[in-house]
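So that the names make sense, note that chain A is the first sequence line, chain B the second, and so on, each numbered from 1. Heavy atoms only: backbone and side chains are in, while hydrogens, waters and symmetry mates are out.
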Protein chains: 2
Amino acid sequence: MADRLTPRAREIVTAARDLLEESGAARLTMRTLADRLGIKAPSLYKHFPDKQAVEVELVAQLLTETAETLEAAEARAPGSLEALAGAYRDHALAHPHLYRLATERPLPRAELPAGLEDRAALPLLRACAGDMDLARAVWAFAHGMVVLEIHGRFPADAELDAAWKRGLTALQR
Amino acid sequence: MADRLTPRAREIVTAARDLLEESGAARLTMRTLADRLGIKAPSLYKHFPDKQAVEVELVAQLLTETAETLEAAEARAPGSLEALAGAYRDHALAHPHLYRLATERPLPRAELPAGLEDRAALPLLRACAGDMDLARAVWAFAHGMVVLEIHGRFPADAELDAAWKRGLTALQR
DNA sequence: ACAGATGGCTAACGCTGTTAGCCAGACCGT
DNA sequence: ACGGTCTGGCTAACAGCGTTAGCCATCTGT
């Protein structure tokens, strides 16, 4: 997962990640990113062809971490949809800007490490015993909950734990 | 619902809507919008304080149309979650750029017509017999399905009708 | 010791949202 | 009928955005 990037490029992605998580996508600009690294914006283009290429690495980070998170949850509680959903939710809400960046545009599939998308999906598919329709429904539910939560679309006093539980037990079987 | 805007402002919003649906949010700029109206960009600021204020009107349009769509579905098939979900999905997929614009940022609640958000939510709440947790779960599921569909996150050969049905029947009771 | 690659730099372009300031015409009160 | 205000255009300009071109120092390999 590592050597698709030179060391310097990896430093840039790290700075980009920090910047994104601190200040959101709107403030992740080539100039502020360069500033943080003590260089000028055009120098970034020695390491990445364009801004999108940097963002692709961040998307890959989210996918990788999601896969790891789900695999860990699966190891802890095999076959449990609640465990998967809880892990997914916690990771997403811990990194809302990253989640939005990775989620609010079409996936740059061609530029992503091969197999990564599938790897992130596998634990859920296993928990659904191979029922793809169910897996997609659960995924949509979880993604919907997370993104509505991130955007503050639910009333402030909404009992979201209850809504998660309600949805998951219903989808359970 | 109409006289919160002057006639000229309404013309501007109409042009913005057309532009958005034709070309997506990235090409909805103050200059292209002005072009379409035969004026220059700075003149737009005689009618709206900033670009966001124009976008808020588009968000209000989506909410209004969603409310109308759901109310019509409810009238056609009272109490049917499937009918509501189908109407929601159809409207969203018919206007993907508008749906994204209205959905991929925090709701500008303060600038929206009073009661509009609630009105859009009511049909679903009625179909859920007042069970708020269930209503939120269904909403999250539907939103998740729509947005994943719009962004092409499902495999091209995915049987999305089946996933919708699977989710809805599970949530049904 | 020289060649080429690496990774900085400045200057600049075209695009974005937005502001300031000017001006023509419509409308209104005396 | 005249003067004042409001309306809604305009041009010029600014700062910030992603990005390109072109220059140059330093480091690496033969």
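- What separates CG of A:L44 from C1' of D:dT20 is a distance of 14 Å, to the nearest Å.
- If you take CD1 of A:I39 and C1' of C:dC9, they are 11 Å apart, rounded to a whole angstrom.
- In this structure, A:Y45 is a member of the same hydrophobic cluster as A:V13, with clusters built from ILVMFWY side-chain heavy atoms closer than 4.5 Å.
- As rounded to whole Å, 12 Å separates atom C1' of D:dC17 from atom CG of A:L28.
- Projected onto DNA chain C by closest heavy-atom contact, B:R31 and A:A41 fall at different nucleotides, the more 5' of which corresponds to A:A41.
- Evaluation of atom-type donor-acceptor distances gives no pair under 3.5 Å for the side chain of B:K51 against the base of C:dG17.
- Contact check for A:R100 versus A:H151: side-chain heavy atoms found under the 4.5 Å cut-off.
- Dashed line: the shortest gap from a side-chain N or O of B:H47 to OP1 or OP2 of D:dT7 is not under 4.0 Å.
- Distance B:L33 CG to C:dG17 P: 9 Å, rounded to the nearest Å.
- Here the side chain of B:R153 pairs no donor or acceptor atom with the backbone of B:M145 at under 3.5 angstrom.
- Look at CG on A:L37: it is 10 Å from P on C:dC9, rounded to the nearest Å.
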Step by step, work out the salt bridge (Lys or Arg N to Asp or Glu O under 4.0 Å) result for A:E22 and A:R27.
-> CA-CA 9 Å; A:E22 288 168 21; A:R27 282 193 172 69; over 6 Å; no
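- In this structure, CZ of A:F48 is placed 19 Å from C1' of D:dT20, rounded to the nearest angstrom.
- Per the geometry, CG belonging to A:D35 stands 11 Å off P belonging to D:dG16, to the nearest Å.
- Backbone-only engagement by A:T29 is indicated by non-hydrogen atom pairs under 4.0 Å involving sugar-phosphate atoms exclusively.
- Residues A:R8 and B:M30 both approach DNA chain C. Their nearest nucleotides, taken by heavy-atom distance, put A:R8 toward the 5′ side.
- Nearest nucleotide to the side chain of A:K46, out of D:dG8, C:dT18, D:dC23: D:dC23.
- Atom OH of A:Y45 is separated from atom C1' of D:dG22 by 17 Å (rounded to the nearest Å).
- Neither B:L125 nor B:W139 shares a network with the other; the hydrophobic side chains, linked directly or stepwise wherever heavy atoms of I, L, V, M, F, W or Y lie under 4.5 Å apart, form separate groups for each.
- Proximity of A:S43 to the phosphate of C:dG7: no side-chain N or O atom is located under 4.0 Å from OP1 or OP2.
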